[in-house]
Amino acid sequence: AIAPFIDSKEKKRGKAHDDKNKKNDKAEGPALWPLIRIVKVRCPAKALESGAVLVDLPGTADANAARSSIAQGYMQRCQCVWILAPITRAVDDKTAKGQSPSSLLAAIYDTSTVTFVATKTDDLSCNEIINALHLEDDADLLEIEDKIMEYRRDENAQRHIKEKADAEGKKLGQEFRDKRAIVLEYKEWIRALKDGKDFEPTLTAKKAKGNKSQKAESGKKRKNSGDSPNAKRRKSNRDDDDDSDLDSFIVDDDDMSDVESVVSRLTESDKDSDDEQSEKGDDEVVEELVEEAEEVEEEVTVESLKTKLTAAEEEARAIKEKLETTKNTARDALKELSKLKTRIAKAQRQKNGFCAKARNEYSRDSLKEDWRAGVREMDQEAAMQKDPDNFDPSFEARDYAAIDLPTFTVSSRDYIRLTKQVEGDGEPTCFSDKADTQIPALQEWCHSLTISSRERTARSFLQKLKTFAASVQSYLDDMNNVSEVDRAQLRQRWASDYEDPRKPRRLQQPAPAHNYHNPEFDLDRYLAACEGEGEPQAEAPSREPTPANPDGVASVLKEKFADLVDEAVSYLHDSFRAGLEDKLKIGSATASEMAYETSMNFGNSMHWATYRAHLRRDGMFRRDLNTELCLPLTSSIAKSWGEVFEQDLFAEFGRRTTHAIEQVIEEIKDSAALGLRERCRVQGDLAKVDAQTALRAMIQIVHEALQQEQKEISRSLSPHVKEQLRDVYTRAMMERGKGSVARQKDVVNNGVHGARGDMFAGGANILMSKLAIAAETVGKALDDSLSELARKVEVLMSVLWENINTTAEQLVIRSAAVEVMAEISQQILFWIRAEEAHRGQGVLV
């Protein structure tokens with residue numbers, strides 16, 4: 001149903017295609033896929049139960065530039081990458097092997113976010129796998145093969161029995177039909193004698209002697225044997241008592257047809273003999289007739305015919321019994337053949353499954369080892385560039401054996417057949433158990449990838465709900481035990497909206513309303529600024545109303561938070577410079593030295609038409625010259641880039657922010673009257689928990705936004721190189737005529753060589769500039785979010801000094817609300833204990 005919207009129309013070549021599909025092409029009209037940005041499919045799939053979203057990308061090496069661009073765009077936003085390739089070429093697939101750890105880690109994809117899935121594991125050749133993996137002497141495989149050979153021998157034996165029985169049955173069937181025709185002729189003859197009619201026997205003519213008229217016409221019969229015997233037969237409706245002896249020989253249309261066939265064969269034989277006799281002399285014919293007459297020793301009577309009929313019936317019955325026995329033998333052999341075919345198919349499926357599992361295990365080990373080797377190579381390159389003089393290739397920078405790339409070898413076809421999802425698709429060809437297809441394991445892995453985000457969201461919600469219930473319950477309990485004087489004292493000291501009546505009233509705009517129950521913020525407007533070409537212009541900050549009390553909780557916290565944000569931004573700048581600046585300089589120098597050779601090798605490694613297609617698309621077609629030119633630079637910073645962004649950049653900021661909040665709450669408690677200090681302690685603890693929950697959520701959002709931003713920044717080198725070489729590609733495409741291919745290569749190679757210095761140094765500067773912009777953007781986002789957090793803390797503490805309504809109606813409402821909050825708190829406590837009990841098992845409750 002969605003095929004017209006996602007399939008690109010391929011060019012059809014050949015007259016057969018043109019003639020056959022001309023009408024269909026006119027009916028289909030223009031292609032729709034260029035107009036489709038995205039197709040969303042929602043279904044109750046087990047793999048998606050945990051909230052994961054799978055995006056099927058066309059591949060970064062797609063021949064279609066539009067599809068390749070879409071894949072690149074999605075890879076900038078995805079949290080996990082699944083690399084798929086058929087298992088027949090998974091070990092040496094370009095996408096699998098080309099996506100080395102250095103290229104992936106350069107885009108902050110680490111081993112925890114990359115998964116390899118080898119597909120079509122049911123597509124195999126057992127002989128090739130056995131020879132390739134040297135499984136000839138495997139005991140399990142030999143047992144399966146012996147079983148198959150035994151079944152094959154039994155099958156050949158049963159087939160031989162069936163063929164022999166079929167041949168014997170065919171022979172007996174013909175004998176039975178011949179004997180039955182003789183029986184029927186005897187019956188007709190007996191009826192003719194009883195009726196006194198003439199009868200001309202055809203099947204038994206040489207063994208019988210009739211009346212004179214029969215003798216006289218016997219010679220005529222031979223010469224006129226071409227006449228149909230049906231013309232001389234006369235059917236009788238009379239029943240004979242002797243005919244009841246053999247019910248199986250009742251004459252019907254089929255019986256008569258058998259008789260006619262037998263008669264036809266005999267008459268043809270007689271005709272041939274008559275033709276031979278016509279060539280003989282008259283004396284020889286007379287002599288033969290005399291001899292035939294002498295052979296007949298008795299006169300044909302009804303009694304003699306009945307005796308012969310009985311003997312013929314007995315012979316026919318014996319033949320029929322043999323025929324039934326032969327048919328039973330063939331039928332039994334056919335049943336055994338069917339059983340043996342089922343057993344052979346089952347054993348062959350076991351052999352296929354064994355070979356598939358062996359290949360799967362080998363492929364998984366090979367892919368994991370290739371990944372470890374790539375990580376080791378990346379670490380060695382980084383170490384050599386950092387300190388070439390003291391580089392030791394034997395030094396292991398990490399425990400590479402502990403790196404375990406998640407790898408799955410799946411067979412979706414056999415899984416569908418085992419689960420009967422599609423009718424009429426046949427039986428599975430390799431696997432008999434769904435677990436062997438590894439589809440269930442891949443589904444569970446998909447669930448596990450979302451556990452961290454689901455746990456974080458669930459715990460955050462649970463903590464917020466717990467804090468809210470406790471805060472409401474604390475506010476409503478014992479409100480009347482606090483004097484109004486004590487409340488007024490706290491309000492005058494800490495309320496931001498409090499105005500001293502002795503000071504003149506300041507004119508100001510009313511403060512905007514805030515949603516204090518949603519501490520999250522939106523970074524889209526800040527991150528969107530980084531997509532421009534130059535440095536984004538900072539937005540004019542929104543003018544906040546001047547607080548009536550500059551010493552209020554929110555005002556004090558904002559001042560403290562402003563200093564903390566400045567320190568956090570400075571720390572980000574220092575981390576980026578310390579971790580990446582030197583590596584970028586070294587990498588840009590290396591890329592500059594290798595640029596000419598890379599460009600020359602790129603042009604010499606492909607057909608001239610393919611090379612021209614790359615130039616026409618600014619270096620991007622089946623390969624990307626811009627990316628290959630940047631590879632020395634990205635490889636040199638890959639390890640350092642990952643280390644910078646894998647560390648917790650906001651850990652110290654979070655601790656200092658929490659300390660600032662706790663310090664202000666302690667000051668509020670110390671300034672309160674003795675009657676309010678216990679209430680201040682309880683409410684302060686609730687405010688701390690709620691503020692910490694909001695702070696963690698805010699830092700998580702900022703961290704995720706920074707990770708997303710750094711992914712996009714890490715991919716900005718290739719577009720920069722592409723832009724720097726755009727004029728070179730254009731000049732190269734202008735070359736035409738004889739020798740144009742060589743001139744095109746010279747233009748590109750010389751252009752790359754001439755622009756290499758500024759191109760890579762400028763790319764390194766762009767990376768650092770964008771990282772600096774990202775740090776400032778994060779600082780602005782933190783500043784806005786912490787302002788909201790400061791107001792939230794004041795709202796939480798304001799229950800200590802707010803005026804209360806003490807009417808009877810309000811007291812009843814408060815009492816009911818306290819009961820509801822107590823029930824909610826009890827349920828939350830149950831959830832927390834259940835989560836702690838299942839945490840060790842990885843189960844989220």
Side-chain angles (χ1 to χ4, degrees), residues 1 3 41 43-49 54 56 84-90 116-133 135-136 138-163 330-364 407-446:
V41 179
C43 60
K46 185 176 181 180
L48 307 179
E49 291 176 350
L54 299 180
D56 183 14
L84 277 72
I87 195 170
T88 53
R89 55 187 179 90
F116 195 95
V117 181
T119 60
K120 299 182 180 180
T121 58
D122 50 58
D123 183 9
L124 79 167
S125 171
C126 291
N127 292 333
E128 292 181 0
I129 295 175
I130 292 172
N131 294 331
L133 303 183
L135 302 175
E136 298 87 352
D138 190 278
D140 295 335
L141 180 61
L142 291 175
E143 182 180 355
I144 296 174
E145 290 183 337
D146 290 343
K147 190 185 300 182
I148 294 176
M149 292 177 63
E150 180 181 356
Y151 292 154
R152 294 289 186 190
R153 287 194 296 268
D154 294 343
E155 183 186 30
N156 292 333
Q158 293 297 328
R159 184 177 290 109
H160 178 71
I161 293 173
K162 184 179 180 301
E163 292 174 354
R331 193 178 298 112
D332 294 341
L334 185 61
K335 291 180 180 179
E336 288 298 322
L337 283 174
S338 178
K339 293 179 181 179
L340 287 171
K341 286 182 179 179
T342 303
R343 294 171 186 169
I344 292 173
K346 184 178 180 181
Q348 185 64 44
R349 186 161 61 246
Q350 291 178 351
K351 181 178 179 180
N352 293 344
F354 178 87
C355 295
K357 291 177 183 178
R359 183 179 62 179
N360 293 349
E361 183 178 358
Y362 169 78
S363 300
R364 286 194 297 266
T407 307
F408 298 88
T409 49
V410 301
S411 171
S412 58
R413 185 181 301 153
D414 274 6
Y415 179 79
I416 290 175
R417 290 170 176 172
L418 287 170
T419 54
K420 305 297 182 183
Q421 295 185 20
V422 178
E423 295 182 359
D425 205 21
E427 295 296 324
T429 58
C430 281
F431 304 106
S432 302
D433 188 3
K434 291 186 292 185
D436 293 336
T437 65
Q438 287 219 321
I439 293 294
L442 186 60
Q443 292 172 342
E444 292 299 325
W445 174 247
C446 189

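Since the structure is predicted, the reported quantities are computational estimates derived from the model, not experimental observations.
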- Query: Less than 4.5 Å apart, any side-chain heavy atom of Thr419 and any of Lys434?
  - Reply: yes
- Does the Asp138 side chain pair with the main chain of Leu141, one donor and one acceptor, at a distance under 3.5 Å? yes
- Message: Would you compute the distance between atom NZ of Lys339 and atom NZ of Lys335 and round it to the nearest 0.5 angstrom?
- Response: 8.0 Å
- Item | Which atom of Leu418 lies closest to which atom of Pro428, heavy atoms considered | CD2-CG, 3.6 Å
- Message: Using side-chain heavy atoms (C-beta onward) and a distance below 4.5 Å, is Arg359 in contact with Cys355?
- Response: no
- Message: Taking side-chain contact (heavy atoms from CB on, under 4.5 Å) as the definition, give me every residue that meets it alongside Asp122, ordered by chain and number, with sequence neighbours left out.
- Response: Ser411, Arg413, Asp414, Thr429, Cys430
- Task: Report yes if the side chains of Thr119 and Ile87 come closer than 4.5 Å at any heavy-atom pair, otherwise no.
- Result: no
- Message: Quick check for you: to the nearest 0.5 Å, what is the distance between Glu427 atom CD and Thr342 atom OG1?
- Response: 10.0 Å
- Query: Taking Val410 as the fixed residue, which of Thr437, Val117, Thr121 is the one that meets the side chain to side chain contact (heavy atoms under 4.5 Å, CB included) rule?
  - Reply: Val117
- Item | Counterpart residues, side-chain contact (heavy atoms from CB on, under 4.5 Å), relative to Lys341 (two or more places apart) | Glu155
- Task: Nearest 0.5 Å please: distance from the CD1 atom of Ile144 over to the CZ atom of Phe354.
- Result: 6.5 Å
- Between CD on residue Gln438 and OG1 on residue Thr409, distance to nearest 0.5 Å: 4.0 Å
- Message: Quick check: do Glu150 and Asp154 have side-chain heavy atoms less than 4.5 Å from each other?
- Response: yes
- Separation between CG (Leu337) and CZ (Arg159), nearest 0.5 Å, reads 6.0 Å
- Is there a side chain to side chain contact (heavy atoms under 4.5 Å, CB included) between Gln350 and Lys147 once you walk through the steps? CA-CA 11 Å; Gln350 291 178 351; Lys147 190 185 300 182; 3.9 Å; yes
- Item | Heavy-atom pair of closest approach, residues Lys120 and Pro86 | CD-CB, 4.4 Å
- Can we say Glu145 and Lys351 salt-bridge, meaning some charged N sits less than 4.0 Å from an Asp/Glu carboxylate O? yes
- Hey, are the side chains of Arg152 and Leu340 touching, using non-hydrogen atoms and a 4.5 Å cut-off? no
- Task: Rounded to the nearest 0.5 Å, what's the gap from CZ on Phe116 to OG1 on Thr407? Could you check?
- Result: 7.5 Å
- Message: With no hydrogens and no angle check, just 3.5 Å: does a side-chain donor-acceptor pair link Asn156 and Arg153?
- Response: no
- Stepwise side chain to side chain contact (heavy atoms under 4.5 Å, CB included) test for Glu136 and Asn131: CA-CA 7 Å; Glu136 298 87 352; Asn131 294 331; 3.6 Å; yes
- Message: Quick check: closest heavy atoms across Leu54 and Cys446, and the distance to 0.1 Å?
- Response: CD2-SG, 4.4 Å
- Item | Modelled atom types, side-chain donor and acceptor of Gln348 and Asn352, under 3.5 Å | yes
- Query: Going by heavy atoms in the side chains, are Phe408 and Ile439 under 4.5 Å from each other?
  - Reply: no
- Message: If you compare all heavy atoms of Asn360 against all heavy atoms of Phe431, which two are closest, and at what distance to 0.1 Å?
- Response: ND2-CZ, 4.2 Å
- Query: Would you say Glu49 has more than 12 foreign heavy atoms packed within less than 6.0 Å of its CD?
  - Reply: yes
- Please assess Asp436 against Lys357 for the test side chain to side chain contact (heavy atoms under 4.5 Å, CB included), listing each intermediate value before the final yes or no. CA-CA 8 Å; Asp436 293 336; Lys357 291 177 183 178; 3.3 Å; yes
- Got more than 12 heavy atoms from elsewhere within 6.0 Å of CG, Asp56? no
- Item | Which atom of Gln443 lies closest to which atom of Ala47, heavy atoms considered | CG-CB, 4.1 Å
- Message: Using side-chain heavy atoms (C-beta onward) and a distance below 4.5 Å, is Tyr415 in contact with Pro440?
- Response: yes
